[in-house]
Structure formats: structure tokens, C-alpha cells
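Here the structure is laid out as C-alpha cells; the discussion comes afterwards.
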Amino acid sequence: MVSETLTFLTQILIFPGFIFIIILSFFSEWYVRKLTGKIQNRIGPSYTGVSGILQPIADFIKLLRKEDIVPSTADKLITTIVPILYFSLPLASFSMVPMTNPQALIYFEGDLIFLIFIFTLITSLIFLGGYFSGSIFSIMGSVRAATQLLGYKIPLVFSLLLPAIPASSFSLTEIVEWQQNNLWMIWLQPIGFAVLFTCMLAELEITPFDIPEAETEIVAGWSTEFSGAKLALIRLGKNIQLLLASSLISTLYLGGPEQVWIIPPILILLLKIFLVISLIVFIKNVIARFRIDQVLSGMWKYLIPATIIQFLLIKIMLGV
Amino acid sequence: MSGTVIRLVIGPQHPALKEPERFILELEGEQVVRAIPRIGYVHRGIEKAMESRTYIQNLYLVERVCGICSHAHSICYTQAIEELLEVEVPPRARYIRTIFAELERINSHLLWLGLIAHEVGFDTFFMYIWRDRELIMDILEELSGNRVHYAVNTIGGVRRDLDHDKASKILKRLEIIEERIKRYIPMLEREQTLLKRTLGIGPLSQIDAIKYGAVGPMARASGVKRDVRKDDPYAAYDELSFNIITLDDGDCFSRIMIRAYEILESIEIIRESLSKLPDGEIRVKVKLAVPPSEALSRVEAPRGELIHYARSNGTDKPERYKIRAPTLANLATFSKILVGAYLADVPVILAGIDPCFSCMDRMQIIDLEKNEKNIWTIEDLRRYAREWYQRR
Amino acid sequence: MHITIEALKNIFKKASTEKYPIQKKIPEEYRGRLIWIMEKCVGCSLCARVCPVKAIQITGKGKEAIITYFLDRCIYCAQCVDSCNVKAIEITREFEFADYDKSQMKYVYAR
């Protein structure tokens, strides 16, 4: 019993839990920056560590040491809670994603819905954090985040739930198991994959949907007034969210962790995650930012009908 | 989304603005209902400073009015002083000035193209454009010895000569730039997200462009054929054949395209002037005894028409010097083109006129409703301040 | 679509930026720090008079002239080089002079 608890604790805290995820998120930030540099014909981070691999950690430590300024008009309690939750919520939800084997650390019927709930909670956090920062730029940013939520949330939820239909389960673990017994979800529902990918870009506030933090319009949007350790946590939270989003895409649609030949499943999953991240970074770099009204009308005009068509298609396919 | 009006203050410090300047936007939801520009944050008293420096020293001060159109300012200054002195500049010097002016135009237009891409959130394109701009900066550095303040003009000619080696270097780099710009033009025309953000944004009709006194690429994008290089040729422009490019739409997209086309035209101008480059002296020795007189000189800076006025009183320092930068002429159009725009489009429109506030700032008040410009004396300013505080 | 192809190509291209403090590129005709060749100097103080930023101070006359060159004020326009009648001033290609102490940023030339 004791040894079982210990193993469980190590899994939660070290591998593949918190510490592993945090290190991986730093690595993914370095990868994003380096790849962006490559695409833009630059070098990217290059002095800290071997070709700049320690740069994200150095940035994090630097931000931790900086002065924490809270505007007098801001709500102290909320602006303290928001960065902590913003970073810890996606970190905690990683325990529900299958990493080392097709089975997640914590799994229950309906953990997919729980993950959707967490994603919505994060957007609400953004709104709260921006609204109570007491700066006009933050308020504009949070209003934009909330407005954007109206556009992408419905297709996002739809496309997250689409894989549950053939697997006939709301559990990530069972969806992964179904994919390993049958075929990858992307072959079955390509439209669902495209919709999920687009909506994840919006959820992560990545170009072309980085409207809530469009720097040339509203400075840093909702996170304008955060500084020091809070900003460090927000940046870390962003990296973890990117990792969480891409691991969700790879578990739901790309088969998740599976044993190929003698390569352990975790490596296969990481490969898939970094493929998805590369695609996200590439799209981020070849597209300009949309305007908020264009996002809303585009989401409602194209993505929601697309998910409905996908839903009907999968029903017909399974029914036959 | 209507009813409440939010007053959003953009600037003096704002990432959309590369220089400090303040715009008060009254928003209804995401839409601008009123825009109030406030200028004067980078007023540096350059005109006054010029009155206390000699004509030679002013050569370098006037370059520092603006970091990007430094050569335009210095060409305008030397022309004014040469007019006061009644000096004829040797033809080779005139051609070298033209080459520098056009290289600077390419530099400035590339810089602006990059900025507008950054404003619409298209950082990769920004990086590409600025990478190519580096080629021009390198040429200018090799020709003049500095990347920004070329210090190539002097009263009575130019300070640095062009030899065959450097000319071929310029031509080689220009070929690369031309090839890349020709590659970018279809990219700009077809990139959907860019089109969505610029097509039909901030429109300025031809009539309004004339009414509000727009100059430079801003006016030419609205279909106004206005270019000092043709209207009042200076340097070697009267001996060169080139076209004034105009587009009709007057929106942000045509402001982008006009600059791309003008880069290609500038490349042709440089090629022609290099092939026509006459032999001879590059400067005439001038005795700097300026007779009491006054002179006005006009130059087509990358951003539009630039006017310098000088009055001398027989000493070695100017008595009065006045600079009218193109941004000031274009600023009046803001009150027209910002109204009705979405907040997301504001940076694009603001950047669209290619503002250079450090050039522009002086004690001038623009009444936007009446569209009157008047320079205030200190007495006027005191009276205004008194009245303003009484009203509060 | 064009930009996608361009971006894809760039992933495999060499970066166009340089690692600055390690790699440096200074053109032949760069206007950097000035040096005075005191053997040629006749102490006419013309350089001090034309300097737009008063970066040159001259004390004494003729052969005994002592020239103080303030690097923190110099704008590297090289007008003094043009104005010097005996060509006693030369341009170097040095450009990295940042210092914490302004009083250290000056050179004194004397015969």
C-alpha cells in the first residue's frame, strides 16, 4: 500500500507529473522561439546554454526577481489568485492526459468534460484578471477575450466531443484505447481535427486569434498590469497551456501514446506533441491577425456548420 | 454595444506608436466616434537651436530632425542655403544627391512596409522586409560611413564621391531588392488575412485628400498626382525620366501597394542616374558669407513634401529657420479617416500615414473642426491656459 | 500561399542575422573615433570652431596646443576632418566605446 502511494506520488509530482511538465514547457518555449527564428530567417536564442536552450529558464528566473507592481486601482486578491490558478489549472489537468501509457494517471468516465470545464475556467480567469487590473488596456483585453469566447467555445466543445461518439465514452483513456484498437481519429473525422486545431489557436490566443493581447492595439491586453513573479507564472502558464492543447490534440485525434516497435509510448507522444506545436508555430508565423468581428462571424459561419456536418457524417458512418 | 463612450488614450507611450504622441479616442464598443490628436511630445526646439549655430554646424543638426529621412532634411537645408548664397552645385554632386535620396526612399518605404505588417500582427513579413532593408542600410553605410546620418551633403556639393566599385556594389544589391520586392507584391496582393485587415480600411477620397492637404504617398494613394520631384524638380530629377505612381482607392491597402511600387520606381531612378552620372567636381568651394536674404526650398521626402525656409541677416548664423515636415500635413487627415474605424484598425490607420512625429512637433495648434492651422505665440498660450482653467 | 512557401524555404536556410559581439562587420569607410596626428597639427583651432557639438576643446596656440576630444559628445560627422587644412585628423573604424563614466570618455592629444 505504502509503495503504491509512493509510486503514485512520484508519478504525480515528478514523472510524468508536475516537474516533468514544467521542464517540458520550458523546452517547448525554446523550441517555439527557435523555430520562429528559423522561419523569420533569424538565429533565435543562442547564448544561454547549448544554442540557447536555457534561455526560457533564465527569463523565468529574471522575471521572478523583478519588482511586483500592483496598480492602486487593481483588486489585490484577484490579481494574486489569477496568475497562480492560470498556471496551476492546466498543470493539474495534465494528470488526466495519458502520457506514459494509454492509461492516464487519473481517469474517470467524463474527464473530457472536466477538461472542457477547465479550459472555460481559464478564459474566465483571463476575464477576471484583466477586469480587476484597473487599466483600460486590460479591460479592453478581457472584454475581447470574453467576446472571442462566444465565437470559438461552441465549435471547440463540439470538436472535443466528436471523438467520444465512435469510442462511446467521455474518457480520454478510453478514446485512446479505441484509437489503438481501430484507427486514428484524424482519418475518421478530418473536419473535426481542423476545427479543433483552429479553435485551440483561439483558445491559446495565438495569431491569427491573438486579439485579446494584440500588442500594437492594447499593449499586452489583459496581462498588461501584471509584473514580476505574477508575469513569470502567467508566461509559464501559457507554455503549459500550449503543451496541454497540443497533447489533447494528439491524444484525441492522433492516437496518443502508443508502443511502436521498441520506442516507449511517451516518446511517440512527445513526437506527436512537437509536430502539433510546429504546425501551430508555422501557422502563427504566416498569418496576420484577424479583427474581432471577423473572428466572430467566421467562427459562426464556417466552423459551427462544419462541426455539425462532421457530426452527421460520423453518425451516418457508424449507423451503416 | 452602443450608449457608453469609453475614452481610450493612445500614447504618449504606446506600442503602436514608435514615437511619443497622444491620441484620445472616443470609443463606442469597438468603434471610434471621435479622434483627438495631441501633438508636441517630441518638441526639441530645433528651429531655435539652428539660430544659434553656424551654417556649417547646422548641416549636422538638421540631419537629426529625423532619423529616417535625414538626407531629405539635409538636401532641403543645403538647397536653401545654396539659394541664399547663389551657388550652382556641380552636376555630379546633384546626381549623387539624387542617388542618396532614392536609396533613402527605398529604406524608408521598406521600414514602413515592415511596420504595417507588424501592426496587423504579421511579424514574419515584418522580419523579411527588415532583413531586406538591411541591404540598403549596408550600401548607405559603405557609401557614406554611417547607417542613419549619412552626412553626405555639404553646402556647395557632396562630401563623398562614388567610384566605379561602389556603383557596381549598389547595382548588385538593388537587383536582390528588386527581385524580392517583385516576389512580395503578389504575396501582399494575395495574403487573405492581410487583405482583410487593410482593404477598405481608413479610406480617404481624392477630394478629401486635396481638402485636408495630404502629401506624399498618402495623397498619391488617393489618386492625387502630387510629387515635388516632378512639380518642382530639384537635384537631378529634371534630367531623369520617371513616373509618378498613383492609385485610386485611398485605403490602407493602396497605401501599402503604392510604397511597394515606388520602391521599384526608385530602383529604376538609381539605375538611370548611375548610368548618366557625369564626371567632374563633387563640390565647389564656397565662401560662407551669406548675404541678408531669404529662401524657401522644397524636397519630396519619403513621406511627402518637405519645406524649409531660411532667412539670413548677414552673420554666419541664420536669423530664422522654419521646417514644415510632411507628417504635419498628413496629420489633419486623421480626424477624417479614424472616425468610424474599429479599434483594431486604429494602429493600421495611424501607421498608414507613415507618421514621423519627431520631424513634425512644434508649437502649432490644429483646429480639427474648422481645419485651421495657426501658430500660437506665448501670449496666446497664456490666454488659452487662463480660459481653460476658468472653464474647469 | 506565397509566404508559406517562403517560410518553408527559410527553415532550411542560413539565418541572415549575425551573432553580434562574436561576428562584426565594419565597412571600409566607416566614420568612427577620430585621432589627431599632433606632428601635423598647427593649432589653428579650426576643428574646435566647426564642431557642431563642441566635442573638441583646444588650449594653447600653435605648436603648444593641447587638444581634448570628448568622445561622449562626438556625433562622428567628421566635419573637422574636412575642415582641417593640414590633414592632421584621421578617422578610425572603432565604434564600441560605451562606458559607465563620462569623465573617462575623453582623449587628450599634445605634442
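Excluded from the calculations below are hydrogen atoms, water molecules and symmetry mates; all remaining heavy atoms, backbone and side chain alike, are included. Per chain, numbering begins at 1; letters A, B, ... match sequence-line order.
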query = At their closest point, which heavy atom of Arg283(B) faces which heavy atom of Asp82(C), and how far apart are they?
reply = NH1-OD2, 3.8 Å

ask   = So what's closer than 4.5 Å to chain B heavy atoms on Arg49(C): side chain, backbone, both or neither?
value = backbone

ask   = What parts of residues 158-170 of chain B touch chain C if we use heavy atoms and a cut-off under 4.5 Å?
value = Arg159(B), Arg160(B), Lys166(B)

message = Surrounding CD of Glu179(B) (heavy atoms of other residues, nucleotides or ligands, distance under 6.0 Å), is the total greater than 12?
response = yes

inquiry  = Quick check on Leu61(B) against chain C: is it the side chain, the backbone, both or neither that has a heavy atom closer than 4.5 Å?
reply    = neither

inquiry  = Measuring only between side-chain heavy atoms, which start at C-beta, is Gln79(C) closer than 4.5 Å to Ile56(B)?
reply    = yes

inquiry  = For Glu96(C), is the CD atom crowded, meaning more than 12 foreign heavy atoms sit under 6.0 Å from it?
reply    = yes

task = Give the member of Arg53(B), Glu142(B), Glu141(B) that has the highest number of heavy-atom pairs under 4.5 Å with chain C.
result = Glu141(B)

key: Heavy-atom side-chain proximity of Asp138(B) to Lys25(C) below 4.5 angstrom   = yes

ask   = Relative to chain C, which segment of Tyr128(B) carries a heavy atom at a distance below 4.5 Å: side chain, backbone, both, or neither?
value = side chain

query = Ignoring hydrogens and geometry, is there a side-chain-to-backbone donor-acceptor pair from Gln57(B) to Val53(C) under 3.5 Å?
reply = no

task = Side-chain contact test, heavy atoms from C-beta onward, threshold under 4.5 Å: evaluate it for Leu143(B) versus Glu29(C) and give yes or no.
result = no

note = Taking every heavy atom of Gly145(B) against every heavy atom of Tyr30(C), the minimum-distance pair comes out as O-CD1, 3.5 Å

key: Shortest non-hydrogen contact between Ala151(B) and Cys77(C), atoms and distance   = CB-O, 4.4 Å

query = Considering only heavy atoms, which portion of Arg180(B) lies under 4.5 Å from any heavy atom of chain C: side chain, backbone, both, or neither?
reply = neither

